[in-house]
Chemist: 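Quick one: the structure is below, questions incoming.
Just so we're clear, the structure is a prediction, and the values are computed from it rather than from any experiment. Just so we're on the same page: letters track the sequence lines, and every chain starts at 1.
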Amino acid sequence: MFALVDCNSFYASCERVFQPHLYGKPVVVLSNNDGMVVAKSKEAKALGLDLGAPYFQIKEILQEHSVYAFSSNYTLYGDMSQRVMNTLRELTSDVEVYSIDEAFLDLRGFTHRDLLEYGKEIRATVLQWTHIPVSIGIAPTKTLTKVANKIGKKGDGVIKLDTLESIDQALSDFPIEDIWGIGRRRTELLLRMGIRTAKQLRDMDIKWVRKRMTVTGERMVRELRGEPCYGWDEQPTSKKQIICSRSFGKFLTEKKDIEEALVFYASRAAERLRAQGSVASDIMVFFETSRFSGPLYAPAKVVHLPRETNYTPDLIKATLVGIQDCFRKGYKYRKGGVMLMGIHPAGERQYDLLSERNEPKQEALMKTLDGLNKRYGANSVFYAATGIKQEWKMMRQLKSPHYTTSWSELPVAV
DNA sequence: TCTGGGGTCCTAGGACCC
DNA sequence: TCTGGGGTCCTAGGACCC
């Protein structure tokens, strides 16, 4: 048996931990740049707010219903996530962190315990230690734990599906669009066929599923049948691509501003690359005008790096080359970013026999840089090419403090 | 004025090779 | 008139996830 632990309205719950007067009140969290709503508390969901709606359009409705809105504070959410995951690791040894607010537990060794009781115990402990409420679904496959978890969200939080009858019952009411692995396109396809429930999908001809929904669909259906098809992956695997992109705080028209922003993103991407001990062989540079107004211009340029590297100045140089290649004047740019590709462990790097062997010096420099930024806070030390004024920086007018990660922003008890 | 950001896996089809 | 077949590698794009 497996379990899926999923934090309820995670971002909103994180904000509440440090502002307890928000319990029971509607809370929403906005995307970067305060663009749109990305997380809602149960009370906010009950108001029927449209998740995709831009903030500026629903601002008044939010005020009318006294909804508390926050800019996203990923530093806080990341730190709270770690606390939840560490709590889970204290309670059970096999934890696979699946996302910032979800983890699978492998309970195959727990044959001697009542798993429903155990789930309730986990839920209570996480709540007590971190103040984050979670739902838990327990079932024979990962896909079924997702189903159980979703059902649990509506009730008291912990659901176990282990008998054929309980699974049948759960699937017969479960809409296909809520199944893990069924998105918009597959929902359309299945509805056209008259398939509406998870039970109907589970009982379909597997060959048809394979043909129309590829092996990913086949695996999903087999999992619904109780046959585990997804592996167990406890170590976080290193990223195969690293993207750093953002909407700009305002429209940018000058090449210099695009350069500053993208150089900044490149240096952040490089930090992440070094953090996982990898080097990259290519970097893609991209930026675009708004998709909602004016002519769309969205160039992207892949720049091959002369050597596999994680040295920030190499990546900055390549970023500038990429921008030089595709920047055009006369457009108002809204967002942009970089993507690192061809990522390998640094140890496997091919050295060029003729190039100067500067690596030890460069590695030491990067190590110092990363160390300073870790110790004194992100961006304490940065490349001058990222500019000083940083007018491209995103807007986050409603951000809560970094309660848990910055000495100057600790909550004060009075 | 204002519409997120960061990932994975799979397949089809083209290029190329023998 | 008649123009193979099998294999690998790479890339773009689709679909999905949180």
Chemist: Please give the nucleotide sitting opposite B/dC18 as a Watson-Crick or G-U wobble pair, both distances under 3.5 Å, or none.
Modeler: C/dG5

Chemist: Does the A/N33 side chain pair with the main chain of A/G35, one donor and one acceptor, at a distance under 3.5 Å?
Modeler: no

Chemist: Atom NZ of A/K335 and atom C1' of B/dG6: how far apart are they, to the nearest Å?
Modeler: 10 Å

Chemist: Hey, are A/E218 and A/R212 close enough for a salt bridge, meaning a charged N less than 4.0 Å from a carboxylate O?
Modeler: no

Chemist: Is A/K393 atom NZ crowded by more than 12 heavy atoms from other residues, nucleotides or ligands, each under 6.0 Å away?
Modeler: yes

Chemist: For the pair made of CZ in A/R212 and P in B/dT11, what is the distance, rounded to whole Å?
Modeler: 15 Å

Chemist: Is there a side-chain contact between A/K240 and the phosphate of B/dC9, meaning an N or O under 4.0 Å from OP1 or OP2?
Modeler: yes

Chemist: Are the charged groups of A/D370 and A/K374 less than 4.0 angstrom apart, N to O?
Modeler: no

Chemist: Are there over 12 heavy-atom neighbours, none belonging to A/K399, within less than 6.0 Å of that residue's NZ?
Modeler: yes

Chemist: Determine whether the side chains of A/R186 and A/T216 contain a donor N or O and an acceptor N or O closer than 3.5 Å.
Modeler: yes

Chemist: Between A/Q397 (CD) and B/dT1 (P), how many Å, whole number?
Modeler: 16 Å

Chemist: Determine: side-chain N/O of A/S31 to OP1/OP2 of B/dG5, distance under 4.0 Å, yes or no.
Modeler: no

Chemist: Which nucleotide wins on minimum distance to the side chain of A/Y74, given the candidates B/dT1, B/dT3, B/dG4?
Modeler: B/dG4

Chemist: Quick one: is A/R272 getting a side-chain N or O under 4.0 Å of the B/dG6 phosphate, OP1 or OP2?
Modeler: yes

Chemist: Without decimals, in angstroms, what is the distance between A/L273 CG and B/dG7 P?
Modeler: 11 Å

Chemist: Just to confirm, is there a sub-4.0 Å distance from OP1 or OP2 of B/dC9 to any side-chain nitrogen or oxygen of A/R219?
Modeler: no

Chemist: Could you tell me how far apart A/R210 (CZ) and B/dT11 (P) are, to the nearest whole angstrom?
Modeler: 6 Å

Chemist: How many Å lie between CZ on A/F251 and P on B/dT3, as a whole number?
Modeler: 6 Å

Chemist: Measuring from the side chain of A/Q241 (C-beta onward, heavy atoms only), which nucleotide among B/dG6, B/dT8, B/dG4 has the closest atom?
Modeler: B/dT8

Chemist: Tell me what A/R396 touches on the nucleic acid: a base, only sugar-phosphate, or nothing, going by heavy atoms under 4.0 Å.
Modeler: nothing

Chemist: Take A/V38 and A/L30, measure what side-chain contact (heavy atoms from CB on, under 4.5 Å) needs, and give me the verdict at the end.
Modeler: CA-CA 5 Å; A/V38 291; A/L30 304 174; 6.0 Å; no

Chemist: Within the structure shown, what part of the strands sits under 4.0 Å from A/R291 by heavy-atom distance: base, sugar-phosphate, or nothing?
Modeler: nothing

Chemist: Atom CE of A/M394 to atom P of B/dG5: distance rounded to whole Å?
Modeler: 8 Å

Chemist: If I pick the P atom on B/dC17 and the same atom on C/dT3, what distance separates them, to the nearest angstrom?
Modeler: 24 Å

Chemist: With rounding to whole Å, what would you report as the distance between C/dC18 and B/dC2 at their C1' atoms?
Modeler: 25 Å

Chemist: Touch check for A/K239, heavy atoms < 4.0 angstrom, all strands: base, sugar-phosphate only, or nothing?
Modeler: sugar-phosphate

Chemist: Quick one: which protein N/O atoms are closer than 3.5 Å to N/O atoms of nucleotides 14-18 of chain C? Pair and distance per line, please.
Modeler:
residue	atom	partner	partner atom	Å
C/dA15	OP2	A/R185	NH1	2.7
C/dC16	OP1	A/G183	N	3.2
C/dC16	OP1	A/R186	N	2.8
C/dC16	OP2	A/R184	N	3.4
C/dC16	OP2	A/R185	N	3.0
C/dC16	O5'	A/G183	N	3.3
C/dC17	OP1	A/I179	O	3.4
C/dC17	OP1	A/G181	N	2.5
C/dC17	OP1	A/I182	N	3.1
C/dC17	OP1	A/I182	O	3.3
C/dC17	O3'	A/W180	NE1	3.4
C/dC18	OP1	A/K146	NZ	2.7
C/dC18	O3'	A/S99	OG	2.8
C/dC18	O3'	A/D101	OD1	3.0
C/dC18	O3'	A/E102	OE2	3.1

Chemist: From the options A/D282, A/I283, A/L305, A/I243, select the one residue that forms a side-chain contact (heavy atoms from CB on, under 4.5 Å) with A/M341.
Modeler: A/D282

Chemist: Both A/I243 and A/S290 contact DNA chain B. Which one's nearest nucleotide lies toward the 5' end?
Modeler: A/S290

Chemist: Round to the nearest Å and state the distance from A/Q57 atom CD to B/dG4 atom P.
Modeler: 12 Å

Chemist: I'd like to know if A/D156 pairs up with A/R123 as an ion pair, taking the criterion as any Lys NZ or Arg NE/NH1/NH2 lying under 4.0 Å from an Asp or Glu carboxylate oxygen.
Modeler: no

Chemist: According to the 5.5 Å centroid and 30° plane-angle thresholds, does A/F292 stack upon the nucleobase of B/dT3?
Modeler: yes

Chemist: Of the options B/dT3, B/dG4, B/dT11, whose atoms approach the side-chain atoms of A/P54 most closely?
Modeler: B/dT3

Chemist: Return whichever of A/I242 or A/G35 has its heavy-atom-nearest nucleotide of DNA chain B closer to the 5' end.
Modeler: A/G35

Chemist: Among B/dG4, B/dT11, B/dG5, which nucleotide has an atom closest to any side-chain atom of A/V38?
Modeler: B/dG4

